[in-house]
2 protein chains.
Amino acid sequence: MIRLNRLTDYAVVVLSQMGRDQDRVHTTARLAEDSAVPLPTVSKLMKQLARAGLVTSRRGAAGGYVLSRPAAQISVAEVITALEGPIALTACVDGAVDHCDVEALCAMRGNWNKVNRAIETALASVTLADMTVSPAEMFALPGRRPPGGKPAGMLS
Amino acid sequence: MIRLNRLTDYAVVVLSQMGRDQDRVHTTARLAEDSAVPLPTVSKLMKQLARAGLVTSRRGAAGGYVLSRPAAQISVAEVITALEGPIALTACVDGAVDHCDVEALCAMRGNWNKVNRAIETALASVTLADMTVSPAEMFALPGRRPPGGKPAGMLS
DNA sequence: TTAAAAACGGACGGATTTGGTCCGGTTTCA
DNA sequence: TGAAACCGGACCAAATCCGTCCGTTTTTAA
């Protein structure tokens, strides 16, 4: 099972939620409540997404976050990249984020890159709008999560 | 960065290595030495791959492992599946391995499945033979890893 | 002008996962 | 019969994850 960060999972959920009300300013408090993701976590999430330019922050009272672009123009690939760095199936972990300093020893890498590009293409073709579902479908009990339920999303 | 298990990384390296000598019986000791992956780890790896049927074990003296099929007929997708379970970009973590028991709340899942299938297709089209490189390309110093070097493979 | 609302940034720490080790057992060959 | 090799599972240290908790800054509205 190729794991996605849980944070990334949340991000897709929360962003999709924002996409249902494209132009409104959403506070983290509201987003947290609606998605059942803990507030400080949503906050941390949004900060990262803002830095990546996927959402725009508006500070001060009556502030919050707005999608920088329509949901239909934000791909899942972008969300993943924003939170986890470049999309790549890799186990390269020690330093060397974008460049392998023993690349000569690492001839397999070129082959992986081919695979990675294929995966990126697949992810780039799915937008947040594609992932959006109506609230009625999302939640059995509108406005109230089932007691003891886990945060919404793709979590089982 | 979508992480692959490091074990899976090793597996691709080791299996590719076996592919260069398709019919020989490879001992874990030899594979470990050639790949610079610690022996007990190679051992653990091979056990899992054997269970999945990708390699066949031969016990007893002069035993070892053999590829069950030619390298050109083993896809990277199969290796991943053998070690990490079904290929899926997912954060579903709590129990519920193959079936989400709150699937009704989890409407997004269907959309993810579409993505997952695309990724699986990409991975299924790359075989171990595609990943194989000649030993000369793999190692600058044949038979000897650079001192302090990390295990070979795609590790940086 | 002041108070409240909201984002910002970063440090911290507990729980989980990972991956590496070890060891006694079993099978096969010479 | 002994050595070589796989088998299987318990175990533990290290790394990672993710959620929390500060104090700070910015903006709006009373």
Side-chain angles (χ1 to χ4, degrees), chain A residues 1-11 13-14 18 24-33 35-66 68 83-85 90-95 150-151 153 155, chain B residues 1-11 13-14 18 24-33 35-52 54-66 68 83-85 90-95 97 150-151 153 155:
Chain A
M1 176 108 55
I2 303 168
R3 269 158 332 121
L4 214 52
N5 240 322
R6 192 189 306 201
L7 273 276
T8 307
D9 175 9
Y10 291 166
V13 174
V14 170
M18 291 177 70
R24 209 167 69 207
V25 186
H26 302 263
T27 68
T28 55
R30 182 57 187 276
L31 289 171
E33 189 185 351
S35 62
V37 176
L39 192 151
T41 299
V42 173
S43 176
K44 175 181 254 180
L45 247 180
M46 299 309 286
K47 289 176 214 170
Q48 282 191 263
L49 293 172
R51 239 172 273 150
L54 294 186
V55 299
T56 305
S57 73
R58 195 168 302 175
R59 302 182 67 159
Y65 292 95
V66 197
S68 298
L83 294 175
E84 316 204 20
T90 173
C92 291
V93 276
D94 325 307
K150 308 199 186 59
L155 297 170
Chain B
M1 178 106 56
I2 303 168
R3 268 158 333 119
L4 212 55
N5 241 324
R6 191 187 307 204
L7 274 277
T8 308
D9 176 8
Y10 292 165
V13 174
V14 170
M18 292 178 70
R24 208 167 69 207
V25 185
H26 301 262
T27 68
T28 55
R30 183 55 186 277
L31 290 170
E33 188 184 351
S35 62
V37 175
L39 191 153
T41 300
V42 172
S43 175
K44 178 183 252 180
L45 248 180
M46 298 309 288
K47 287 177 213 170
Q48 281 190 264
L49 294 172
R51 241 172 271 149
L54 295 186
V55 299
T56 306
S57 73
R58 194 167 305 171
R59 304 183 66 161
Y65 292 96
V66 196
S68 298
L83 294 176
E84 317 204 20
T90 173
C92 291
V93 276
D94 324 307
V97 174
K150 310 199 185 56
L155 296 171

Would you mind telling me which of [options] lies closest to the side-chain atoms of [X]?
X: Asn5(A); options: dC18(D), dG9(C), dA5(D); answer: dC18(D)
X: Ala61(B); options: dT20(D), dA3(D), dT21(C); answer: dA3(D)
X: Pro38(A); options: dG19(C), dC18(D), dT20(D); answer: dT20(D)
X: Tyr10(B); options: dA5(D), dG20(C), dG8(D); answer: dG20(C)
X: Tyr65(B); options: dC7(D), dC18(D), dC8(C); answer: dC7(D)
X: Ser57(A); options: dC8(C), dG20(C), dC7(D); answer: dC8(C)
X: Leu7(B); options: dG9(C), dG19(C), dT17(C); answer: dG19(C)

Got [X] and [Y] here, is their nearest side-chain heavy-atom distance under 4.5 Å?
X: Tyr65(B); Y: Thr28(B); result: yes
X: Leu31(A); Y: Met46(A); result: yes
X: Asp9(B); Y: Leu4(B); result: no

Roughly how many Å is it from [atom1] in [X] to [atom2] in [N], rounded to a whole number?
X: Leu83(B); N: dG20(C); atom1: CG; atom2: P; result: 13 Å
X: Lys47(B); N: dC23(C); atom1: NZ; atom2: P; result: 14 Å
X: Asp9(B); N: dG20(C); atom1: CG; atom2: C1'; result: 15 Å
X: Met46(B); N: dC7(D); atom1: CE; atom2: P; result: 9 Å
X: Leu4(A); N: dC18(D); atom1: CG; atom2: P; result: 10 Å
X: Arg58(A); N: dA29(D); atom1: CZ; atom2: P; result: 12 Å
X: Leu39(B); N: dA4(D); atom1: CG; atom2: P; result: 14 Å
X: Gln48(B); N: dG8(D); atom1: CD; atom2: P; result: 11 Å

If you assign each of Lys44(A) and Gly64(B) to its closest nucleotide in DNA chain D, which residue comes earlier from the 5' end? Gly64(B)
Pick the closest DNA chain D nucleotide for Ala62(B) and for Thr41(A) by heavy atoms, then say which residue is nearer the 5' end. Ala62(B)
When all nucleic acid strands are considered with a 4.0 Å heavy-atom cut-off, which category describes Thr28(A): base, sugar-phosphate, or nothing? sugar-phosphate
Would you say dA5(D) has OP1 or OP2 under 4.0 Å from some side-chain N or O of Arg30(B)? no
Counting just side-chain N and O atoms, does Arg3(A) come under 4.0 Å of either OP1 or OP2 of dC17(D)? no
For a quick test of reading the model, state the closest non-hydrogen atom pair linking [X] to [Y] and the distance between them.
X: Ile2(A); Y: Arg3(B); value: CG2-O, 4.0 Å
X: Leu7(B); Y: Leu45(B); value: O-CD2, 3.6 Å
X: Ala32(A); Y: Leu39(A); value: CB-CA, 3.6 Å

Is it the case that the base of dT26(C) and the side chain of Arg59(B) share a donor-acceptor contact (distance under 3.5 Å, atom types as modelled)? yes
